[in-house]
Amino acid sequence: MELVSEQDAQAQQDAQAQAAESRGGGVPHGSTPLRRLLIWPIRFYRFFLSPWIGQSCRFTPTCSVYTMEAIDMHGAGAGVYLGFKRICRCHPFSPGGLDPVPPVPGAAGRRTADTSSADHSTSKPPV
């Protein structure tokens, strides 16, 4: 039974890697030399060391994918910080589960000038 779960975990990890690579070849669109310098050791770990160590991350996405996405979304400093916090939470007593990278502050609620004046769907009609 454990062999099947390891195969499922490996398939899930492979699917996550494929999804990350399909979003731009694994290199962030706003890539800087510092971001690439931080992401390449994580890639080395994922493809060369992680298969030997085994699937041990309790979260989805894995800690390495989370850190690469955090560096991509939040920049080098904040991404490394978020990745470090995540790795500290990944221990045997953690419940684990789905834990996506938090969105960049202010990016989710932005409206363009065109939609802010025309969007009245949430307002109540006059009585």
Side-chain angles (χ1 to χ4, degrees):
M1 184 73 173
E2 188 172 321
L3 181 63
V4 173
S5 64
E6 285 180 24
Q7 289 174 347
D8 290 342
Q10 185 64 36
Q12 181 182 12
Q13 187 176 15
D14 292 343
Q16 289 171 351
Q18 232 175 11
E21 288 180 13
S22 69
R23 289 189 300 255
V27 177
H29 293 286
S31 180
T32 64
L34 182 58
R35 286 183 184 180
R36 282 181 284 197
L37 182 70
L38 293 169
I39 287 176
W40 285 115
I42 298 170
R43 288 178 154 265
F44 177 82
Y45 163 78
R46 288 189 63 224
F47 294 111
F48 295 108
L49 300 178
S50 182
W52 290 42
I53 296 170
Q55 178 73 18
S56 58
C57 190
R58 300 181 174 283
F59 291 100
T60 301
T62 63
C63 293
S64 57
V65 172
Y66 180 94
T67 303
M68 288 192 310
E69 288 180 1
I71 291 170
D72 183 26
M73 290 173 62
H74 294 276
V80 168
Y81 174 71
L82 288 169
F84 180 74
K85 279 179 41 177
R86 166 69 174 274
I87 291 169
C88 289
R89 289 193 317 259
C90 190
H91 54 79
F93 303 110
S94 172
L98 181 62
D99 183 27
V101 177
V104 177
R110 285 190 199 155
R111 290 185 178 176
T112 61
D114 298 336
T115 60
S116 63
S117 61
D119 186 20
H120 298 289
S121 61
T122 58
S123 61
K124 295 181 182 178
V127 179

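- I71 CD1 to Y66 OH: the interatomic distance, rounded to the nearest 0.5 Å, is 11.5 Å.
- Taking CD1 from I39 and CG from L34, the interatomic distance works out to 9.5 Å, rounded to the nearest 0.5 Å.
- Hydrophobic cluster membership is shared by I53 and F47, with clusters built from Ile, Leu, Val, Met, Phe, Trp and Tyr side chains linked at under 4.5 angstrom.
- Nearest heavy atoms, R86 versus T62: NH2-C, 3.9 Å.
- In this structure, the separation between SG on C63 and OH on Y45 is 8.0 Å, given to the nearest 0.5 Å.
- Although no hydrogens or angles enter the test, the distance criterion places no donor-acceptor pair under 3.5 Å between the side chain of H74 and the main chain of L82.
- Atom OG1 of T32 and atom CG of L37 lie 9.0 Å apart (nearest 0.5 Å).
- A76 and L38 make their closest contact through CB-CD1, 3.6 Å (heavy atoms, listed as atom of the first residue, atom of the second, distance).
- Under a 3.5 Å cut-off, the side chain of R58 and the backbone N or O of H91 do form a donor-acceptor pair.
- Note on V80 and M68: same hydrophobic cluster, where clusters join Ile, Leu, Val, Met, Phe, Trp and Tyr whose side-chain heavy atoms are under 4.5 Å apart, directly or indirectly.
- Across all non-hydrogen atoms, the minimal contact from S94 to F59 is OG-CZ, 3.5 Å.
- The heavy-atom pair separating C90 from S56 by the smallest distance is SG-O, 4.5 Å.
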